[in-house]
Chemist: 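My questions all concern the structure below.
Letters go in sequence order (proteins before strands), and every chain restarts at 1. Worth saying up front: this structure is predicted, and the values here are computed from it rather than measured.
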Amino acid sequence: MLKAQRKVYVPFRHAQFLLRPNAVSPSSPLDLIKLLKLSADTKTVKVGKTIHSHLIVTSQATENNIIEVNSLINFYAKVNQVSIAHNLFDRMPDRNVVSWSALMTGYLLNGFSLKVIRLLKDMISEGNVSPNEYIFAIAISSCCDRGRVEEGRQCHGLLLKTGFSFHNYVRNALVSMYSKCSIVQDAMGVWNEVPVNDIVAYNSILSRLVENGYLREGLEVLRSMVSESVKWDKVTFVNAFSLCASLKDLRLGLHVHGKMLTSDVECDAYVSSAIITMYGKCGKSLMARGVFDGLQSRNVVLWTAVMASYFQNGCFEEALNLFSKMEQENVKSNEFTYAVLLNACAGLSARRNGSLLHGHSEKSGFKHHVMVGNALINMYAKSGDIEAAKKVFSDMMHRDIITWNAMICGFSHHGLGKKALLVFQDMLAAEEHPNYVTFTGVLSACGHLGLVQEGFYYLHHLMKQFGVQPGLEHYTCIVSLLSKTGQLNEARNFMRTAPVKWDVVAWRTLLNACHVHQNYGLGRWVAEFVLEMDPNDVGTYTLLSNIYAKEKRWDGVVKVRKLMRDKKIKKEPGVSWIEIGNVTHIFTSEDNKHPDYGQTYQKVKELLAMIKPLGYTPDIGAVLHDVEDEQKEYYLSYHSEKLAIAYGLLKLPSEASILVIKNLRICDDCHSAVRLISKVTNRVIVVRDANRFHHFQDGRCSCLDYW
DNA sequence: GTAGGGTTAG
């Protein structure tokens, strides 16, 4: 991995004369060496090469020579031409420790960490020059990649023998190495050995702690900086803001912001984006926007940070609106921008908008960026087009853990368990290590397929094998798996014994199973239990009322309705929408505001008449008991998803599949109606409800009638 | 003449 170069202001006026032909050089060799360093730091290849040719012509074999060549090695190393650097190094009659360190830095910067270690070994075996603190710091830094830890430990051992481990450079490199390799205990061990007040060391460990989620320890470090009166610099503030963001601690964030405003630290783009991100993660998108609006100049990162703040707080449209503003100001998107925008589309299930951005990103040259690919998979999967998600996945040249997770969870979300498990197998074959998220997808796929044994095998063995500690989500998947296969008592027992604190979601899973499997006794018990945990859970009231209705216990239905009235809980009205062309058509169960309402309602009636001969009977038990049967049927046909689907059938070409999105869970009646509608109209109909996707085709649904 | 810390996503 390339390391970022320090940014240096370029006083080019001083360098220009060298580029003129026939320039009479007024410089002493020392000036040239300074210029060479400058061109290395600023990566101005042309200037450096000119100096090189100048030196070839003028240099004699003097004592200066070794410094000149070292500077040249440093220059070529920094401008990513490390083979030229190595050539120069090989041709040196005498080398000193700087020659070695300059070359090693070159390999380090260009990502050839093995080469760095080999050079260290060569140096030791040649024995002319002894390694110093620079050499060790570079060698240790090269062990920062995962899988290089063992070499890092060997270097550490060597250091303890030579006594260099107390040098600041080296200690910082060790701390950095261990923490980048996620061995935070060792990093803290080194850190605690000797007290320091080197700002870089503080920043280094703080950043690593935050990055790896050791937030309590991060807070400790920040406190010790205060107690030891270490003056904070820009980087400290950036780290402190990201710590507050990770902690979602607005109070601390405000405090740090105040401290920054009263300090003399310059608020550059790094600091500003850290502040914006902090406010965003603490739930204050408007404050993030306020900081953003107050900035003099805004680069892509700042735009993306403020979009992300909106996204994280559910303001998807605001995030998307900023995109056009950014374009107006001629700021180009990068892969992060596309990721945020596509995620916002996913949040809105805005497939059309998403595919426009897809085209946009490809035109801007991001076709093969992993981050963009991941966001595209997520966007297509969440907006209903799992085929398009699969296509993006298949076309990707590089994949990371997020890619695999997005595809596995996407398939699972759509109820396509077999496909999810196939991708999981491919993932293992590709030697990618599954993580926490992977197993939520895998276990829910097992749930869709009813694979109880496999589910437990994954939970008890495979997760252990990959070092993933099972959490609430995984245990909930098991509850859902047992529930789905009708083992309600086993599910309840599992909930008694599993070592987690169950939340409302898990109990609701069991409750839903009781409803589907008609175990109304247990269902009522669970519902009461859930309502004790969360007395405002609308879904549970609805299920409980449904259970009473199925039992024909109208007193119970009345009781639930009274409870809801007393608590002023209103059932959220059902809303469904469908995108046609670039217009989103919205249907609700409570109004008839759509301009084509009459025609649409007529179509629903027609469809229901078509499916009645196939065995559809309106599930009138689910509707209020005190209404006439005819009226009940009318209520049911009013359901927003029926209207939206009918509208799609009216307006879309006959081969097009229909995607409808609904805010609530689809009801029994609509589910069986849509299954049959997919058969009589010979259409693929996809409904995304509050929980998952239902793929209706040829009279069947991908959820196998369990949801 | 050689090194080390920071921004935007899941």
Side-chain angles (χ1 to χ4, degrees), chain A residues 3-7 29-30 32-34 36-37 40 64 66-75 77-78 96-106 108-109 132-141 144 167-177 179 198-208 210-211 233-242 245 268-278 280 299-309 311-312 333-344 346 370-372 374-375 377-378 400-403 405-406 409 435 437:
Chain A
K3 290 202 157 185
Q5 297 262 330
R6 195 173 296 213
K7 286 186 186 112
L30 259 176
L32 284 182
I33 283 164
K34 276 185 190 156
L36 203 47
K37 177 173 161 49
N64 279 339
I66 196 163
I67 297 181
E68 283 172 15
V69 181
N70 285 349
S71 306
L72 284 168
I73 292 175
N74 178 49
F75 165 75
K78 297 265 169 73
N96 64 12
V97 69
V98 180
S99 329
W100 288 91
S101 62
L103 184 61
M104 285 166 77
T105 303
L108 174 64
L109 292 175
N132 66 359
E133 66 273 20
Y134 284 91
I135 297 287
F136 280 120
I138 297 162
I140 291 160
S141 304
C144 285
H167 202 288
N168 254 1
Y169 291 6
V170 179
R171 277 170 19 78
N172 294 350
L174 277 173
V175 168
S176 222
M177 187 264 295
S179 47
D198 179 338
I199 184 72
V200 176
Y202 271 111
N203 290 341
S204 169
I205 186 117
L206 182 54
S207 127
R208 295 282 86 81
V210 176
E211 194 180 83
D233 70 1
K234 271 193 256 185
V235 181
T236 319
F237 277 106
V238 170
N239 288 328
F241 284 123
S242 12
D268 67 2
Y270 287 87
V271 179
S272 315
S273 49
I275 299 174
I276 291 172
T277 304
M278 181 274 290
N299 62 17
V300 213
V301 178
L302 292 157
W303 279 96
T304 309
V306 75
M307 288 174 189
S309 305
F311 166 76
Q312 282 146 2
S333 312
N334 65 14
E335 65 270 40
F336 287 90
T337 325
Y338 283 113
V340 174
L341 292 169
L342 287 166
N343 288 334
V370 181
M371 200 185 284
V372 178
N374 294 348
I377 295 174
N378 182 43
D400 63 10
I401 175 88
I402 307 296
T403 320
N405 287 352
C409 295
N435 67 6
V437 177

Chemist: Just verifying a value: how many Å separate K78(A) NZ and K37(A) NZ, rounded to the nearest 0.5 Å?
Modeler: 6.0 Å
Chemist: Does Y134(A) get its side chain close enough to the base of dA3(B), under 3.5 Å, for a donor-acceptor pair?
Modeler: no
Chemist: So, does the side chain of D198(A) form a donor-acceptor pair with the base of dG4(B) at under 3.5 Å?
Modeler: yes
Chemist: Could you check which of dG10(B), dG6(B), dT2(B) has an atom nearest any side-chain atom of D268(A)?
Modeler: dG6(B)
Chemist: Please report, rounded to the nearest Å, how far the P atom of dT7(B) is from the CG atom of D233(A).
Modeler: 13 Å
Chemist: Does Q312(A) reach a base, just sugar-phosphate, or nothing at all? Heavy atoms under 4.0 Å.
Modeler: sugar-phosphate
Chemist: Just to be sure I understand the rule, does K37(A) reach a base, reach only the sugar-phosphate, or reach nothing, if contact means heavy atoms closer than 4.0 Å?
Modeler: sugar-phosphate
Chemist: Measure the spacing between CD1 of I33(A) and CG of N74(A) and express it to the nearest 0.5 Å.
Modeler: 11.0 Å
Chemist: Across the strands shown, which category fits A269(A) at heavy-atom distances under 4.0 angstrom: base, sugar-phosphate, nothing?
Modeler: base
Chemist: In whole angstrom, give the distance that lies between atom CG of N405(A) and atom P of dG10(B).
Modeler: 14 Å
Chemist: Could you tell me whether N435(A) contacts a base, only the sugar-phosphate backbone, or nothing, with contacts defined as non-hydrogen atoms closer than 4.0 Å?
Modeler: nothing
Chemist: If you only use heavy atoms from C-beta on, which nucleotide in dG6(B), dA9(B), dT2(B) is closest to the side chain of K234(A)?
Modeler: dG6(B)
Chemist: Applying a 4.0 Å non-hydrogen cut-off, can you work out what N334(A) is touching in the nucleic acid: base, sugar-phosphate, or nothing?
Modeler: base
Chemist: From C-beta outward on V200(A), which listed nucleotide comes closest to its side chain: dG1(B), dA9(B), dG4(B)?
Modeler: dG4(B)
Chemist: Do you know which two heavy atoms are closest between A245(A) and T277(A), and how far apart they sit?
Modeler: CB-O, 4.3 Å
